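Here the structure is laid out as structure tokens; the discussion comes afterwards.
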Amino acid sequence: MVAIAAFSSSGQEKPAHNPKLGLFVYILASAAVIGGFLFGYDTSVVSAAMLYMPDAPGLKPMDTVWQEVLVSISPGMAAVGSLMSGTSSDYIGRRKVILGASAIFTIGALVCAASVNKIMLLVGRVLLGIAIGFASMIVPVYLGETAPTHVRGMLVSAFALMISFGQVVANVTGGAFSYIDPYNVGWRLMFAFAAVPSAFQFVCFIFLPETPRWLYENGFEEETREVLEKVYNGDKEWVEYEMAEIIAFNEDQQKENEKMHASGPVIWRILKTPHVLKACFIGSMLQAFQQLAGINTILYYTADIIRSSGISNNHTTIWISVALSVCNFIGPFIPMSLIERVGRRIIFLFSCGLVVLSLIFIGVAFLLVNHDSAATFPGNQYGTNFNSSYPDAKGCMAYTNCDFCVTTDACGFCHDANTKQGYCLPASSDNPEDYSSTGSCTSVNGSIPNNFQWEKYYCDTKFTILPIIACGVYLLTFSSGFTSLPWVLNSEFYPMWARSTCVSISTTSNWVFNLIIALTYLSLTQVIGKYGAFWLYAGLTIIAFVFILFLVPETKGYSIEEVEMLFMNKKQRREAETRRRETVTEVRSRLNSTVSFGGQLQVHKY
Ligand SMILES: O[C@H]1[C@H](O)[C@@H](O)[C@H](O)[C@@H](O)[C@H]1O
């Protein structure tokens, strides 16, 4: 970990008091974090909608490939959206990208809600994905560039809190709308609901300003000052200080560009600037580690985990999901309230350590379920009504217990209602939830003969409820730091010229790893078991802990212009400080400024 003495780019003393914030900052931040809400809502609501869409008129038949495409297309497009939004936010500004995102969110929600066939639904999900990608990249940048230093971490944490809130609300609306003719109307209402906050955000951002940093960088000096006046609630000392920081930093960057003969794409410059490259690598790894800790397997597969504890009613499943997502929502209040007092690193390390423990706990819970689940009969006892030439029959028969059996999509467990032991049989292709395709649980005139019982998802064990409890604990620990810190740190790590590109790279890393984990989870559980999958995530999170411990600097208290220095080595830092000092002198003389009241730099317009 590196630590540097506090200094400022402008060489000017920071005002000793914290600025008193006015309503404006809170309105601005509240409007911006709606982007987090929409991110959380639109990634989650599809799980509840998916319980009904496959049987909805107009969308039938919807096979599993269609279902998987409709679910994963949005995270996939989010990766594309976040990559695209970096460059565009440099050209057109941060505010316009937020406006674009909220417009696309609104259109996407309405297209999904009005879908008359699968293609239209797919188009709607693509639009939502692009908007999610835009929002996930731009909102932290917008807040990072606009928020006063002493509340910056808190406001970006509020973005993460709103992601979790969006996920809770998606579950609640999913539950509520599932009572209103769910196959015809309910699932449409679930999508349509999100059009309201997105339209509201659009209207707000018609009136809200661009970030002061982007304005100055693009030659709008007067407007920069106006925005700072509003953000700092007219506190002259702070406005002048921030203005001087922005000017000096900007000048310093220009000098540096000239020295490096910097031209061409920003990405090229990032590759040639070691400390920025290092920051971008660390930022992207933090986002990757967040996903490698398995958060979205728990969130996306909540319904499966609940079902595997024997709950088969859709409504009950949705309401238990609500309870779990509330655990995910409580945690982010911790970083939000403590981040400016105890700093980023402690919260991050604390949460990361607890996540390792809870992942181990989930693994243990699944292992206990596995060991306590009934054994299967040996292959030679499968009886004469079993035909091993049926598709998947041999594969299912190879499983040694109920848990391994029901974890595989193609198989189910068939047992005598009075004894625990049973057969692992291939599920019927027409009616997988009720019958096997061959063997003792085949349908005979619409029922299963001889007191046999068919379980597609569930094994009766002493520990069946334990994974649900373990998931609740995991969500609490994850959301008390891991949810927020990658977003907060990425909004702070980079200098202005590289910020949007680096944030867009790190956000894309988040989405790409999100997809990798989501798409590999089921196969992973089949190869190493559910417990193996969670222990693997625990192992990766231990690596994350060490990574944070040694490579992530504390950014609390530094202005956004100062943070990049934390990634420099001593020599680079000394050079940068000297250069900045020279710049300050130049800026001062050019601005014809003098140190006036209270040692404060007066900046005149030029
Ligand atoms: O920070 C968020 C949050 O933790 C969400 O719950 C999760 O779905 C996202 O993937 C993650 O980036």
Side-chain angles (χ1 to χ4, degrees), residues 33 35-47 71-72 74-79 81-82 128-129 132-140 143 153 156-171 283-302 321-322 324-336 339 344 347-348 351-352 354-355 358-359 471-472 474-491 503-519 521 537 540-541 544:
V33 298
F37 174 85
L38 295 166
F39 166 171
Y41 186 90
D42 280 318
T43 45
S44 291
V45 77
V46 68
S47 317
V71 171
S72 47
S74 292
M77 290 313 293
S82 56
L128 288 179
I132 295 169
F134 278 11
S136 57
M137 179 268 152
I138 201 65
V139 174
L143 289 170
V156 185
S157 304
F159 164 75
L161 174 84
M162 289 300 279
I163 302 177
S164 301
F165 184 55
Q167 289 168 335
V168 180
V169 176
N171 282 311
S284 304
M285 286 307 294
L286 294 181
Q287 291 287 20
F289 280 129
Q290 187 201 51
Q291 295 304 316
L292 292 173
I295 175 68
N296 288 307
T297 54
I298 306 276
L299 293 175
Y300 296 166
Y301 293 101
T302 308
S321 307
V322 172
L324 284 176
S325 58
V326 168
C327 296
N328 192 35
F329 172 59
I330 296 172
F333 283 100
I334 298 176
M336 235 186 101
I339 200 163
R344 282 64 166 150
I347 295 180
F348 206 172
S351 162
C352 191
L354 291 178
V355 165
S358 32
L359 280 168
C471 287
Y474 167 87
L475 289 173
L476 270 176
T477 57
F478 185 93
S479 61
S480 62
F482 230 131
T483 287
S484 323
L485 267 302
W487 299 107
V488 173
L489 293 169
N490 270 288
S491 75
V503 175
S504 102
I505 292 171
S506 64
T507 306
T508 305
S509 150
N510 179 293
W511 287 110
V512 168
F513 280 91
N514 180 331
L515 267 181
I516 293 176
I517 289 289
L519 296 177
Y521 173 68
Y537 300 149
L540 293 168
T541 310

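Every number for a ligand or one of its atoms is a count from 1 in the order of the listing. Everything numeric in this text was worked out from a predicted model, so none of it was measured.
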Spacing of OH belonging to Tyr474 relative to OG1 belonging to Thr297, to within rounding of 0.5 Å: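 Separation between the atoms: 6.0 Å.
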Per-ligand residue contacts, ligand 1, heavy-atom threshold under 4.0 Å: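 Close residues (ligand 1, cut-off 4.0 Å): Ile163, Gln167, Gln290, Gln291, Asn296, Leu299, Asn328, Phe478, Thr483, Trp487, Asn510, Asn514.
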Are [X] and [Y] close enough that some pair of their side-chain heavy atoms sits under 4.5 Å apart?
X	Y	result
Leu128	Leu38	no
Asn490	Thr507	no
Asn296	Tyr521	no

Partners passing side chain to side chain contact (heavy atoms under 4.5 Å, CB included) against Ile334 (at least two apart in sequence or in another chain):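 With neighbours one apart ignored, the set is Leu338, Ser480.
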Ser358 and Thr477 side chains, donor-acceptor separation under 3.5 Å: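 A donor-acceptor contact under 3.5 Å links the two side chains.
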